[in-house]
Amino acid sequence: MKKIAACIITGILVVQLQAQRNITVQVNRPLTPVSKQMWGIFFEDINFAADGGLYAELVKNSSFEFPMPMTGWKEAKQQGSGRILIINRANENKFNPRFAHIVVDAPAGYYGISNDGFRGIGIHRNEQYNFSVWARKTEGELTMSIQLVNAKGDKIGSSSIENLTGEWKKYSVSLTTVDSAHRGKLNIVLQGKGMIDLDRVSLFPQKTWKDRPGGLRQDLVQLLADLQPGFLRFPGGCIVEGRDLSNRYQWKKTVGAFEERELLMNRWNVEFARRAAPDYYQTFGLGFYEYFLLSEDIGAAPLPIINCGMACQFNSSEVVAMNELDPFVQDALDLIEFANGPVTSKWGKLRADMGHPTSFNLKLLGVGNEQWDEQYIERYKLFEKVLKERHPEIKLVAAAGPSPDGARFDYAWKEFKKLHPDFIDEHYYQSPEWFFRNAARYDSYDRKGPKVFAGEYAAHNKEEPQAESRNTWLSALAEAAFMTGLERNADLVQMSSYAPLLAHVDAWQWRPDLIWFDNLRAVATPNYHVQKLFSINRGTDVVPLLYNGLPLAGKDSLYASAVIDQATKQLVIKLVNAGEQSETFNIELTGIRSLGKEAIVDELYNNELYRYNTLDQQELVHPTQSRMPVKGKKITAALKPRSLTVIKVGYNP
Ligand code: AHR
């Protein structure tokens, strides 16, 4: 059906032929339930996502345990002199061998040390900060001042510690700030003459997520919570594997007393020479207990991924000998006990001692990250055998390798169809064109094998061949088109997550990422808004949406899917117009008695495909919401060029 739309632009009569397209949504014909885990999040400590990001500790290398023990630290002095020595007492203290020994001669001015955090310390004005340090004065008379300073060195918060004793003791003070700083510093300066030992220096904002001491950055967790994610995958990603086995993620070393969590180099420290981060380490202040707690806080099912005896196949390809895999399988069993076991069990007790006697309700477990080839299948088999026997209640996730097709991918699927993983984790870091082209990828997938977990995906589009991809509107639009295909195939694709999740603007290794932040602020990308619009409009069941009797998956650059929420009796239609022209849809809703009087319409669009949000311009690509009157059982939807439109309306079945 065609109509003639006429409009006058600067005195010239433009006659446009505009197609009106007819769509039918069969509201009373639920095709398949949408899993509660359909839209989730993938967390990996990459781009300073944990230390320097989500984990709110502001002091870098707080215990002088980085291989270069003064990393992050500098001498601080004013009319005073002294020296700093790093002392190692490895036999006495296995987990924390080093401390700073400071000789002070500053009767008039001061002498001490200064920490510059993670590319500076972010300090908010009029906020409280909690400082603590382990110290012992070994000689003389000294007083200690704690100062927060801005980049110019102006003091914007201070406090002091007196009565220092000769025994190791933890001192805590809080500071209130009078100004903010993006790249501030923490000074610990001493006045007098004497010697002092310092260790475990810590500075946290008082305001953390749920005000937990030693907790997580409030603004970042809020952004995650706002996504209403169905699951939280952790701790990655390649970080699970390590560059070699010694560098792999070992969850047992990340739980229990923080003081006993051993520092480990972050593999992204050295991965990309062009984005080297020599100061990137894992303190595990955000460890497995905290990941489980975070999952619970934001209502997401926990999805830990464990190492299956394989280091990164892009790096060393080191594998554990088959006859030495038992401890790795045991780690998986113990993890289930840690998450779900009774408080009388060894690992359940540890969970209770850490503050969570009740179960974390673990139901999903990934065996290996992005592994491939025979060496993976043979190791996976061993895990599956034990885990399925001992824990049939836990759903297992196996990996299809690093690409969405090709020999490794086909081999993985062929082998896994002979085994019993519940999900196959597919990864796609591809061009926007790939995402548009693949909106119908799952329409014809074999339904007899395991379910699909679209575990890592992001559209990478390079503005120039050499440039790194950004979170452009084009990339987000392509993902939205693809996600209508995931939703339409919700019987098969039951989990999905964009990756990676977080990136520090001054310390990233991988781009694009869902959320960007600096030391004070965070910005949601267009991709984030797409994820959110799908997630918060998840519905309970997919219903047929037909254009000329077929799904709409790329015809004339148009994509669509529809769900209903059986509990709230709401219909949600998601429409992507990737074309350059506006489009009008006449949507006929069948199988219902009536519709609500108005629909809520969320729109995300931009004419500039390469536009992206920044910390200073956060809303260049941002959803808008409006209300649209509805008459009868039809909706007319006007889609802007290059837009995602989500229409929500109540119905009477
Ligand atoms: O998301 C970044 C990396 O991409 C992950 O660590 C890895 O699994 C994939 O190769």
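Along the sequence shown, residues are numbered consecutively beginning with 1.
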Rounded to the nearest 0.5 Å, how far does OG of S497 lie from CG of L227? 11.5 Å
What distance separates Y111 OH from I102 CD1, expressed to the nearest 0.5 Å? 7.0 Å
Side-chain (N88) to main-chain (R98) donor-acceptor, under 3.5 angstrom: no
Do the rings of W251 and F338 sit parallel, tilted or perpendicular, given the 30° and 60° boundaries? tilted
Please check if any side-chain donor atom of Q206 sits under 3.5 Å from a side-chain acceptor atom of N130, or the reverse. yes
Examine the side chains of D226 and Q222 and answer whether a donor and an acceptor come within less than 3.5 Å of each other. yes
Taking the six-membered ring for Trp, are the ring centroids of F288 and F234 within less than 6.0 Å of each other? yes
For F99, is the NZ or CZ atom of R136 found under 6.0 angstrom from the centre of its six-membered ring and inside 45 degrees of the ring axis? yes
Is a side-chain donor or acceptor of N61 paired with a backbone partner of G72 at a separation under 3.5 angstrom? no
Please indicate whether K252 has more than 12 foreign heavy atoms, meaning atoms of other residues, nucleotides or ligands, lying under 6.0 Å from its NZ. yes
If we ignore angles and hydrogens, is there a donor and acceptor under 3.5 Å between the side chains of T283 and D51? yes
Kindly confirm or rule out a cation-pi arrangement of R261 over F258, judged by NZ or CZ under 6.0 Å from the six-membered ring centre and within 45° of its axis? no
Can you tell me how far the CG atom of D219 sits from the CH2 atom of W209, to the nearest 0.5 Å? 11.0 Å
Under 3.5 Å, side chain of S316 to main-chain N/O of R243, donor-acceptor pair present? yes
Report yes or no: do R233 and N369 form a side-chain donor-acceptor pair below 3.5 Å? yes
More than 12 heavy atoms from other groups under 6.0 Å of NZ on K395: no
Quick check for you: to the nearest 0.5 Å, what is the distance between W73 atom CH2 and I86 atom CD1? 9.0 Å
Go through the steps to decide whether K207 and E127 satisfy the test salt bridge (Lys or Arg N to Asp or Glu O under 4.0 Å), and finish with yes or no. CA-CA 8 Å; K207 270 195 204 154; E127 296 271 327; 3.0 Å; yes
Does one side chain, of D179 or N150, offer a donor that lies under 3.5 Å from an acceptor on the other? no
Would you please say whether a donor-acceptor pair under 3.5 Å links the side chains of S63 and R200? yes
Side chain to side chain donor-acceptor pair (under 3.5 Å) partner of K60, chosen from N115, D116, D279: D279
Between D506 and the options R119, R183, H182, the side chain to side chain donor-acceptor pair (under 3.5 Å) test singles out R183
Would you say the ring centers of Y55 and F118 fall short of 6.0 Å from each other? no
Determine, for W508 and R275, whether the Lys NZ or Arg CZ falls below 6.0 Å from the six-membered ring centre while staying within 45 degrees of the axis. yes
Please find the pair of heavy atoms, one from M144 and one from V133, that lie closest to each other, and give the distance. SD-CG1, 4.3 Å
Could you check whether R212 pairs with D297 (Lys NZ or Arg NE/NH1/NH2 to Asp/Glu carboxylate O, under 4.0 Å)? yes
Evaluate D199 against W168 for side chain to side chain donor-acceptor pair (under 3.5 Å), listing each step before the verdict. CA-CA 9 Å; D199 202 0; W168 279 114; over 6 Å; no
Does the side chain of Q330 come under 3.5 Å of the side chain of D326 through a donor N or O and an acceptor N or O? no
Can you see whether N187 engages S114 through a side-chain donor-acceptor pair at a distance of less than 3.5 angstrom? yes
Could you tell me how the ring of W510 sits relative to the ring of F272: parallel (under 30°), tilted (30 to 60°) or perpendicular (over 60°)? tilted
Would you check if there is a donor-acceptor pair between the side chains of D244 and S246 at a distance under 3.5 Å? yes
Apply salt bridge (Lys or Arg N to Asp or Glu O under 4.0 Å) to residues K210 and E296 and explain how you reach the verdict. CA-CA 12 Å; K210 291 193 179 279; E296 185 174 85; over 6 Å; no
Using only atom types and a distance under 3.5 Å, with no angle test, would you say the side chain of E337 pairs donor to acceptor with the backbone of W347? yes
Counting only N and O atoms by type, is there a donor-acceptor contact under 3.5 Å from the side chain of D197 to the main-chain atoms of A135? no
Just say parallel, tilted or perpendicular for the rings of F360 and Y289, cut-offs at 30° and 60°. perpendicular
When you check the side-chain N and O atoms of D45 and Y280, is any donor under 3.5 Å from an acceptor? yes
Residues two or more places apart in sequence or in another chain: which of them pass side-chain hydrogen bond (donor to acceptor under 3.5 Å, both in side chains) with R267? E271, N315
